[in-house]
Structure formats: C-alpha cells, structure tokens
Enquirer: 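Right, I'll just put the structure down here and ask away after.
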2 protein chains.
Amino acid sequence: MSDAPPRPAFLPTDVRHSLPMALLRAREAVMARFRPMLDRHGVNEQQWRVLRVLAEAEELDATQVAARASILAPSLTRMAKSMAERGLIARRKDAGDARRVLLRLAPAGEAVLRTAASESRALTEALIAEFGAERTAALIDHLNALAALGSEAALRAADRAGHEARDAGDG
Amino acid sequence: MSDAPPRPAFLPTDVRHSLPMALLRAREAVMARFRPMLDRHGVNEQQWRVLRVLAEAEELDATQVAARASILAPSLTRMAKSMAERGLIARRKDAGDARRVLLRLAPAGEAVLRTAASESRALTEALIAEFGAERTAALIDHLNALAALGSEAALRAADRAGHEARDAGDG
DNA sequence: CCCGTTTCATTAACTCGTTAAGTTAAAGGC
DNA sequence: GCCTTTAACTTAACGAGTTAATGAAACGGG
C-alpha cells in the first residue's frame, strides 16, 4: 500500500485489475507446476500440447493441429520438423490434397504420453483439490465463454468503440 | 462431434477441459481485441505492460518492474534498452546501490499512455459489457486467487504428488 | 481450358520466453 | 579487513510468438 504514490490520471486501467494481466499471471502460476514434469519427459509446453491434440485424433492436418493446440502455423512448422526428427510425431503428405501435411503420433510420442499421463493427472488433481473442484469447473466454463466471444462481429464492434472513444476522449 | 475417433486410453486430460489451455485460449481472445489498438500506437503487448506499470509508480528498479509486468529479467533488459532508445522510458543507476537500475516514464511513453488510454478504456468497457460486469469481476478474482496458489509450499506439494503418481502409476 | 483467387504450408525477420552462465556490487561472518 | 555468499542485472543461446511475404496447389468462374 505504501508504494502507490501520486498516480498520473491518464493511465488506462489499474494493472492489478486488468483481465489480460490476470490471465497471464494465472497461466504462469499453473504452468510453473507442470513445467518440471514436462522437463523430466523431455518435452516443452508446446510440444506437450501437440502430442495431446494428436492423441485425441488419428491424424490431422497441420492447420487443425495448430488450431486445437493454439499454436500459430509458422511455429508448428518448426516444431513439426524437430518433433518428427525425434520420432515424437510422423508427417506425411495428403494424397488427395498435396498442399496439406498430415500429422500423427509416432511411437516416441505415444511413449511420452503414456509415461507422463499419471503425473499429469496427479498434478491436475492436486491443483483442483487446492482450488476447489466446483470453482475450477466454473472457471474453465467462464474462460471458454470468454474465448468464444472473440469472433469477427465482436471484434469489429470493439474496434468501432475504440475509434469513437478516440474521437470523444482527449480533444 | 464427428471427429472424436477411438481415443487411446492413455491421454492425460481432454484438451477441451484443460485449465492451462483454457487460460491460453481466453488470453489470446482478449489480446486479439487489444492488439490493433496497440499497433496503432506503436507498442507491443509487453511494452504496454511496462508503460502501465511505470505509470503507477514514480520510479522502480528493474526487478520490481519485471515482477509487476510479469516479464522475465532478461527480457526486460532487452526491452529497456530499446524502449530507452525510443524515448519511452528513462534509465539511471541507483545512487545508493550501484547494482540497481531505476526505470521511469519518459515523455514519449507518457504520450503513448495519454493518447491510448481512452481507446484502452473503451475496449475494456466493451469487453465487460459483452461478458458481463459481475462475471468479469468474479473471473478476475478467481484468476488472482489461482495465481496466488503458486507459492513455494504449493509447488513442493504438487511436485511430491507427481513423484508418487509416477511410482504408483505405470510400473 | 485458363486465369484470378483462395487456401495451406513454409520461410524470413524480429521480439519475447526460458534457462544457464557470467559480472558487478552489496552483505555477513570471522 | 578479507572472503564467501547473496543479490541485481546482463549476456548468450535457443525455441516460440507474431507478422509479412513467398510457393505451391486447389478452386471457380468465364
């Protein structure tokens, strides 16, 4: 409390109550718990996401993997190369559409999932136990609802609001 | 629904209901709304966080800025250099402790905050209007509580749980 | 059938995240 | 007053995020 000196009046929103920053901090705190486990299994956070997405589908093209794992296409291109070299995943070209690259789990990737699954579940359950089961479920629902807002119409509306505010705000 | 083929039984948690991934997707959705505004003002997301942190304090050392903006020290070192060159912030050494580097807003940084503040507020208010004021406040509270869990004792407990599960799980 | 358009993937360039190691300065023990 | 330890930053190296541009293949009129 002692370090809140005369605040300039022009700042946007208090950092303490900013939704983007709250999301960032929460994610960091959660990932800090999972990172040691992933390190032990030789994969990073993004590779782990790719493996899990592929575990839920037989075979997917790169665009779908990127969308489901929340990874951008250029990142996935780099990752797929190194993961294929390590035997975590397998790549092949789509016979019907030569633009597409199809990805699937390879044995080493299945092995990582298999041996990490129990640890991952334990960490998840420990977190849920600390934070509360109902509270966690509700939080995930809210987060998914928030993510679902980010569709085209909403984005345009937000952009218009920005322009209007800029006209009216600080003349 | 048609793309959920025979799921291998060894996967950790359904990607749809994973808390880390929900946090990631929600943050992406929110930031997608703010990014065009930040682009117009010539700063990226991390620089914006630094500016806002400095706007809330007269002068802070690098460690405190990093902590409040959720930026790692090596990243802040790089950023402080380029932001100082652009006149967004000012750097000076602490007279009493020659290890410390003190950061404060410079005129160009104040100008960015001043001209972007109204747009930022408009975007924030638009988001709150869409998502619901009470719901947003509750969400931020939950996220802060979640972030607060990530303290030392909790981390050690989670790590122990991981080891136990590995022993018991797939021998 | 051809040509403009769209889609999928890749490459490139830059910045940040992350870890580890190195530098300099302050603190503490004896 | 040294000498070890700790703290604050910096540097380096590598991978991922982001944007823009390119390449290649499919699509869709005309």
Side-chain angles (χ1 to χ4, degrees), chain A residues 20-21 23-25 27-32 34-36 38-40 42-51 59-86 88-89 91-103, chain B residues 20 24-25 27-40 42-51 59-86 88-89 91-103:
Chain A
M21 297 216 32
L23 288 164
L24 181 60
R25 285 192 301 263
R27 211 188 110 74
E28 285 172 358
V30 171
M31 286 316 300
F34 285 87
R35 212 181 297 277
L38 296 177
D39 281 350
R40 282 196 293 272
V43 295
N44 63 24
E45 186 187 323
Q46 293 83 1
Q47 291 169 337
W48 178 245
R49 294 210 301 271
V50 169
L51 292 179
E59 195 172 42
L60 292 174
D61 64 50
T63 297
Q64 286 181 331
V65 172
R68 297 188 191 191
S70 290
I71 289 172
L72 293 175
S75 296
L76 186 58
T77 296
R78 288 182 300 228
M79 291 174 60
K81 185 164 181 285
S82 69
M83 291 178 77
E85 288 170 355
R86 285 181 55 190
L88 294 172
I89 64 174
R91 281 190 301 181
R92 71 183 186 89
K93 292 209 167 175
D94 187 330
D97 185 342
R99 295 170 302 181
R100 283 189 165 77
V101 174
L102 300 177
L103 305 179
Chain B
L24 182 60
R25 285 193 301 263
R27 211 188 110 74
E28 284 172 359
V30 171
M31 286 316 301
R33 293 164 170 254
F34 286 86
R35 212 181 298 277
M37 181 272 288
L38 296 178
D39 281 350
R40 281 196 293 271
V43 295
N44 64 25
E45 184 186 330
Q46 292 85 0
Q47 292 168 338
W48 178 245
R49 293 209 301 272
V50 169
L51 292 179
E59 195 171 43
L60 291 174
D61 64 51
T63 298
Q64 287 181 330
V65 173
R68 298 188 190 189
S70 289
I71 288 172
L72 294 176
S75 296
L76 186 58
T77 295
R78 288 182 301 229
M79 289 174 62
K81 184 166 183 284
S82 69
M83 290 179 78
E85 287 169 357
R86 285 182 55 192
L88 294 171
I89 65 173
R91 280 189 301 180
R92 71 181 186 91
K93 291 207 168 175
D94 187 329
D97 186 340
R99 294 171 303 180
R100 283 191 164 75
V101 174
L102 300 178
L103 305 180

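Quick note: numbers below take in every heavy atom, side chains included, and nothing from hydrogens, waters or symmetry partners. Lettering of chains follows the sequences in order, A, B, ..., and the numbering in each one begins at 1.
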Enquirer: Give the C-alpha distance, both sets of side-chain angles, the deciding distance and a yes or no for side-chain contact (heavy atoms from CB on, under 4.5 Å) between B:R35 and B:L38.
Expert: CA-CA 5 Å; B:R35 212 181 298 277; B:L38 296 178; 5.6 Å; no

Enquirer: Looking at every non-hydrogen atom in both residues, tell me the closest pair between A:Q47 and A:S82 and how far apart they are.
Expert: NE2-OG, 4.3 Å

Enquirer: Between A:K81 and A:R91, does a side-chain contact (heavy atoms from CB on, under 4.5 Å) hold up when you go through it step by step?
Expert: CA-CA 9 Å; A:K81 185 164 181 285; A:R91 281 190 301 181; 4.3 Å; yes

Enquirer: Please tabulate the protein-to-nucleotide N/O contacts below 3.5 Å involving nucleotides 6-13 of chain D, giving atom names and distances.
Expert:
| residue | atom | partner | partner atom | Å |
| --- | --- | --- | --- | --- |
| D:dA7 | N3 | B:R99 | NH1 | 3.3 |
| D:dA8 | OP1 | B:R100 | NH2 | 3.1 |
| D:dC9 | OP1 | B:V101 | N | 2.7 |
| D:dC9 | OP2 | B:T63 | N | 2.8 |
| D:dC9 | OP2 | B:T63 | OG1 | 2.2 |
| D:dT10 | OP2 | B:T77 | OG1 | 3.0 |
| D:dA13 | N6 | B:R78 | NH1 | 3.4 |

Enquirer: Using whole Å, report how far CG of A:D94 lies from P of D:dA24.
Expert: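 Distance, rounded to whole Å: 19 Å.
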
Enquirer: How many whole angstroms separate atom CG of A:L38 from atom P of D:dA16?
Expert: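 Whole-Å distance recorded here is 13 Å.
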
Enquirer: side-chain contact (heavy atoms from CB on, under 4.5 Å) between A:L60 and A:L103: does it pass, once the steps are laid out?
Expert: CA-CA 5 Å; A:L60 292 174; A:L103 305 179; 5.8 Å; no

Enquirer: Write down the distance between CD (B:Q46) and C1' (D:dT19), rounded to a whole number of angstrom.
Expert: 14 Å

Enquirer: On DNA chain D, compare the nucleotides closest to A:A98 and A:L72; which residue's is nearer the 5' end?
Expert: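 By nearest-heavy-atom nucleotide position, the 5'-most residue is A:L72.
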
Enquirer: Which atom pair, heavy atoms only, marks the closest approach of B:R68 to A:M21?
Expert: O-CE, 3.3 Å

Enquirer: Under a 4.0 Å threshold between the charged nitrogen and the carboxylate oxygen, would B:R100 count as salt-bridged to B:D94?
Expert: no

Enquirer: For residues B:L51 and B:I89, report the shortest heavy-atom separation together with the two atoms involved.
Expert: CD2-CG2, 4.1 Å

Enquirer: Heavy atoms of chain B, cut-off under 4.0 Å: which first and last nucleotide of DNA chain C, 5' to 3', fall inside that, if you could look?
Expert: C:dT15 to C:dA26

Enquirer: More 5' along DNA chain D: B:R35 or A:S82, using each one's nearest nucleotide?
Expert: A:S82

Enquirer: Please report the closest heavy-atom contact between A:S75 and A:I71, naming both atoms and the distance.
Expert: CB-CG2, 3.7 Å

